[in-house]
Amino acid sequence: MKNSFSFFLLIILLSYAMIGRAQSPQSGGKKLINRADTFFSVMPSEKLYLHTDKPYYNVTDTIWFKAYALNAALFPSRQSAKVYVELINDSSKLVKRVIIPVQDGLGNGDILLDKTIPPGTYTMRAYTNWMQNFGTGLFFSKLLYIGGAGANNMILINEQHEIKQTANDAQVNLSLNLSNAKKMALPFHDVEVVITAAGKRILNKKFTTTDAGKLNTSFTIDNAVLKGGLQLTVTDKNTRIRQTLPIIIDADANIDLQFFPEGGNMVAGIYNKVAFKAINTTGYGEDISGEVKNSKNEVVARITSLHNGMGSFMLLPQPGNKYYAALRTASGKTFKAELPAVRPAGTALRIDNLSKPDSISLYITAMLDTALLKRHYTLIAEIKDQVVFATPVDISRGFFNLKIPANKFGTGIAAFTLLDENDKPLNQRRIFIDRHNNLSVSLNTNKPAFNPKDSVALAFTVTNELGEPVKGFFSATVTADDYIKTDINDNDIRSQMLLTSEMTGYIESPGWYFNTAEASARKALDNLLLTQGWTGYDWALSPAPSKPKFEAETDNHVAGKLENLFKKPIKGAKVTLFASSKKNGLVAIDTTSNELGRFVFNDLPFFDTIAYTIKVHNKKGKEMGAGIIVDEFTPANVALSDNVPVSKPWFAGSSDSLMVKYFNKPAPDAPLNQQPLSFKNRQLKEVTIRAKKEPVNMGFVNNFEYGHPIRELNEAELIKAKKRSLLSLVREKFKNFREASYYADDAMNRAYIHRGIDELKKPFVMTNFVLGTRYIYDVYIDDRSVQSIYGNRLTGDSTTYRKFIIYFLETMGADDVKEVKILEGLHTFMTITTRSGAGPFAISAPGTLAYRPLPITLPRDFYKPKYTVTTSPIIDTRTTVNWEPNIITDDEGKAKIWFYAADKPDTYTLKLEGTDLQGHVASQTFKINIEAKTIN
């Protein structure tokens, strides 16, 4: 490919030589190409897309997804073997994180939405460790709504407000109407209403709804604070449901309008294009129209947005003039906005790739004083982490024109940059080039329509733009249209890989630019790149770093370093890693630390959960004391970007959309694969047991003494705390757990100050671990009593027991423990269950580390029911009727899938997405009819 680029560059240079206008080739052009090649080889781009089975979910659902991790050229990324998938709530709090393995750019996984995840608005975010080098703005991101599964698990909020403003503040009159998913009012419900602005509480008040489910309130707020918007949180005390939604204050009251001169600058005397983007207070595009006027108030251009508040116009700015736009919104509100200042001198870059789809026309213009300087300039073109060409530019005559065949580029965003003799970018322009070479998919069914619970067989054929068969890797979801609405304008694998993955900020309905048949779509896409893609990554100013901040996780590995007591690296030490699993048996690997004390174990198998033991030996093979510091994954900042638009969620207003209907759908009594196969076996309803936990038999003290658990740390909390000392975690989680001298020995006695006699027979105040004023009488570690080993009666020292407990809790890492409980009976006890099961002697020896990495989510199979008789009693209410994450077409471009339809007439939407891993992608939707059975 690079040879063809070099040939293309040679043709350009020869053409200028023949017409006598070519400069001698500059060393700067070659230097820029080398710098770019070096940068892209060290810092290759990575793009990520998740294909999910549905656009929204209910609690108890499972999110099924396929991950596509590709490089800039849309070949498999070699940078990452792991993808991190997160659910983040509307308060920017991490709710769930899963890690899936990726091989050859492909992986699949799922997230179970158990009852610990409350209904609400979530962002599903995915990234690799390598992608963190380029900022969170390029992560894959998708907005998800999660409902409560059933009318009684959700509330709809109809919010109305009226604002009366004065010079300094405003009175907000707020009216709320609460109902369930069936739109039945919630009368006499106790609710709490909280209003916040800029993170501060403006109102916090309790109400009882009327018999019609209504409540009213009012408050006063400063105008400046009001301008930033309000957030309303309603908590229903009856149902314990909490909903948060924005209060949108006149979306078009404050329009954020920005102008973007093509190429970067508006230069006096140069005719150029100026793009604009208008955003309202919600963050969405606002369509506008109006006129551009000069300092004399003369109209010099007319302005009308084309799509989502974006548009462009031509302008010939004059020296010494200032320009502004007088505009109005669709609702009739008027406002003014100033254009960027006019530069008295400089260069301008204009590109036209719309007039003739098969060619790209570039126009570089300079004012005469700039042209007469006869400086050296270079024009470079880059796409998909490759410099297509770099050519000298002669603007001594005040202009430089160039026409380039579009077939020299692939499909995607191309960046053109004009640089001066110091390699400083002067102008930059990004355009979208469409070679119309995405994959095409055709669908064949075994019959034109199907009956409920029919076996459905589907055959796919995938071809390229020449109609040739393509071998590729695809995923498909089949959803029921009666509940699930598929929006073809949402982000898909085409818009993600070709557009959104290279642009920061929110893009409204990115799929529209690829799915619409409107003639204006190409121009609308160009306006998007003129505005939101105004400037790209200025690699020319950034030499490749010697070491990226975030490493490429090209395999599953464990790495770290060894340190001695003086924090100096230990080199040449033997490091051994042990692990045990049912699938792989015992794993034992050796390595040696390098001169920096670094060690690494590469190509480890992927385990869903695993605990490694790392041991260090000296050159003679003997165990040695060493500090073992394992490299930990550093997750990306959870706080979501401020440029995410504000919109009212699904539960706001009286919507009758399919989404609300879906959320009103009750949760099944059991997953389909656990439902009864005949009416003889009746499914029992879920029974919630509210009785107290059974007492635990301590079994070692006072002839089988019993105690009830009153405090507990579970395994998930302990793993999350990682290597934090168990003592600090217990002190944080167990309220009133401390050392004190004032306590009661048991439940039968009062508390008093305890004193003892030391070796010199002098009295002293004796402290012990207590919970409140109750003495921790004993600690059981893996069912071994510490008192029976270190107690006063055995050691003759009243402080030995306490000293051991302190040492054990301080030394033991939290994730080396499975469970911690405090039990209360006649006495108070603590129980600790370690992972090793070694009891009080489970403390890691120096030079040994138990390391538990973040668990990996291995792929699970999507359950497909198989109906063998037409009278099957199984109630099949699936909304995701089928999920196929691993469809592979053969050499003839063909693949087949099958599934059984659900048990009611409906239409299904099938969406297939994927790639050939050779630079091309596909995203297509099809309809499948499920018709009622006819009775003869």
With D190, the side chain to side chain donor-acceptor pair (under 3.5 Å) member among T208, T235, T209
T208

Between Y56 and Y145, is the ring centre distance below 6.0 Å?
no

Decide if atom NZ of K561 counts as having more than 12 heavy atoms of other residues, nucleotides or ligands within a radius under 6.0 Å.
no

Could you tell me whether D782 and R835 have a side-chain N and a carboxylate O separated by less than 4.0 Å?
no

Could E192 and K206 be called an ion pair, given the rule that one side-chain N must be under 4.0 Å from one carboxylate O?
no

Gap between atom CG of D783 and atom CD1 of I781 - 0.5 Å precision:
11.0 Å

Hey, can you tell me if F737 and F769 have their rings parallel, tilted or perpendicular (30° and 60° cut-offs)?
parallel

Would you name the heavy atoms of N749 and A744 that are closest together and state the gap between them?
O-CB, 3.4 Å

Without swapping roles, check the side chain of S593 against the backbone of I570 for a donor-acceptor pair under 3.5 Å.
yes

Single hit among R242, Q243, H189 for side chain to side chain donor-acceptor pair (under 3.5 Å) with D236:
H189

Do K818 and E715 sit within salt-bridge range, that is, some charged N less than 4.0 Å from a carboxylate O?
no

CG/N664 to CG/N180 distance, rounded to the nearest 0.5 angstrom?
7.5 Å

Taking the six-membered ring for Trp and the full ring for Phe, Tyr or His, determine whether the centres of F663 and F651 are under 6.0 Å apart.
no

Any donor-acceptor N/O pair, R738 side chain to G772 backbone, under 3.5 Å
yes

If you count heavy atoms of other groups shown closer than 6.0 angstrom to OH of Y742, is the number above 12?
no

Are E732 and R724 ion-paired here, with the side-chain N under 4.0 Å from a carboxylate O?
yes

Would you check if the side chain of S788 reaches a backbone N or O of S785 as a donor-acceptor pair within less than 3.5 Å?
yes

Is the F829 ring parallel, tilted or perpendicular to the Y777 ring (thresholds 30°, 60°)?
perpendicular

Heavy-atom donor-acceptor pair, N58 side chain to D61 backbone, under 3.5 Å:
no

Is a salt bridge present between D816 and K722, judged by a nitrogen-to-oxygen distance below 4.0 Å?
no

So does E739 pair up with R731, basic N to acidic O under 4.0 Å?
yes

Aromatic ring centroids of Y801 and Y790 under 6.0 Å?
no

Do you know which two heavy atoms are closest between T591 and F599, and how far apart they sit?
CG2-CB, 4.0 Å

Would you call K568 and E563 a salt bridge, taking side-chain N to carboxylate O under 4.0 Å as the test?
no

Quick one: does any side-chain atom of N129 pair with a main-chain N or O of E551 as donor and acceptor, under 3.5 Å?
yes

